[in-house]
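First up is the structure itself, then whatever we jot down about it.
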Amino acid sequence: MAGPQGQTSRGPPAPTQARAGRPVKLRFTERLLMVLLYYRVYVPQEFVGFLFGVDKGTVSRDVPELGLCMAGVFRIPERQVRIAPDDLVAVFVDATEQPVNRPSRRQRRSYSGKKKRLTVKHQVVVTRKRKEPGGKQKVRIKAVSKAAKGRERDKKVYDQSRLRIALAVPKSGDRGYQGSNLRVPRKKPRNGALSDEEKRSNRRLARERIVAEHGIGKMKIWRIAADRYHNPPRRHTVMMKKVAVLHNRMCG
């Protein structure tokens, strides 16, 4: 029916229809298992989709979606380090690097002179759990810093992270943290030598702070944190935090 200006009158809008598209094939628990499997083995998404009977697009959607859900539920700080009642009162700081794809710009910033390749770097804070009689020593990841370029020095990453640790808690690092407020190995003086006591002190510190290497090694059991990273760089920090929480859930 035409209106006064020749326009056609319309009736009430039609009810909203259900969103078109294929219904979700996997249950939530299956989707979560798929994402955990992808984190653990870090194989192509096509292969993961084949195992679960879905296509690559489904996997590529579920990985970031469920990843954000996990990040919201299982949180790990970047700066605040708290000692749990069953932790030994000492923290150990170390940095870890992971190979990345060649960036389109500013490639030199990502080049690591230590690894001789393009990397992304994170600082990890580790504590030791009190050992139970007859049990094994367990470590916990207490903090993971934001991603830094592979060219950044460990001390600079430490200074920028501005960790919040109680003053009474002993803090240790490796030689990369010379000049910081961490307890580090004594450096051999130029044209000189370390004394026997200084060498023994360095060995004691090395035995103590090896737990930082153990903690990072446990994180890298999840291959997404060890192999060359192919996902969007903006997701790397969240991924490392989720891997840290997964380690804590599994090991202590």
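These values consider heavy atoms only, across backbone and side chains, with no hydrogens, waters or symmetry-generated copies.
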Apply side chain to side chain donor-acceptor pair (under 3.5 Å) to residues Ser161 and Gln123 and explain how you reach the verdict.
CA-CA 8 Å; Ser161 66; Gln123 178 178 271; 3.0 Å; yes

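Of the inter-residue distances, the one linking Asp154 atom CG with Asp174 atom CG reads 6.0 Å to the nearest 0.5 angstrom. Rounding to the nearest 0.5 angstrom, the gap separating the CZ atom in Arg79 from the CG atom in Leu163 is 8.5 Å. The line from CD of Gln178 to CZ of Arg186 is 10.5 Å long, rounded to the nearest 0.5 Å.
Taking the side chain as every heavy atom from C-beta outward, Gln107 and Arg102 approach each other to under 4.5 Å.
For the residue pair Lys220 and Thr96, a side-chain donor N or O sits within less than 3.5 Å of a side-chain acceptor on the partner. Remark: the Asp159 side chain and the Tyr177 side chain contain no N/O donor-acceptor pair separated by less than 3.5 Å. With hydrogens and angles left out, the side-chain atoms of His236 and Gln98 include a donor and acceptor closer than 3.5 Å. Side-chain atoms of Ser145 and Glu78 form no donor-acceptor pair, as typed in the model, at a separation below 3.5 Å.
His247 contributes a side-chain N or O that, together with a main-chain N or O of Val139, makes up a donor-acceptor pair within less than 3.5 Å. Counting only distance, with no hydrogens or angles, the side chain of Asn248 and the backbone of Val245 share no donor-acceptor pair below 3.5 Å. In this structure a side-chain-to-backbone donor-acceptor pair under 3.5 Å is present from Tyr42 to His230.
The shortest non-hydrogen separation linking Lys116 to Tyr111 is CA-OH, 3.4 Å.
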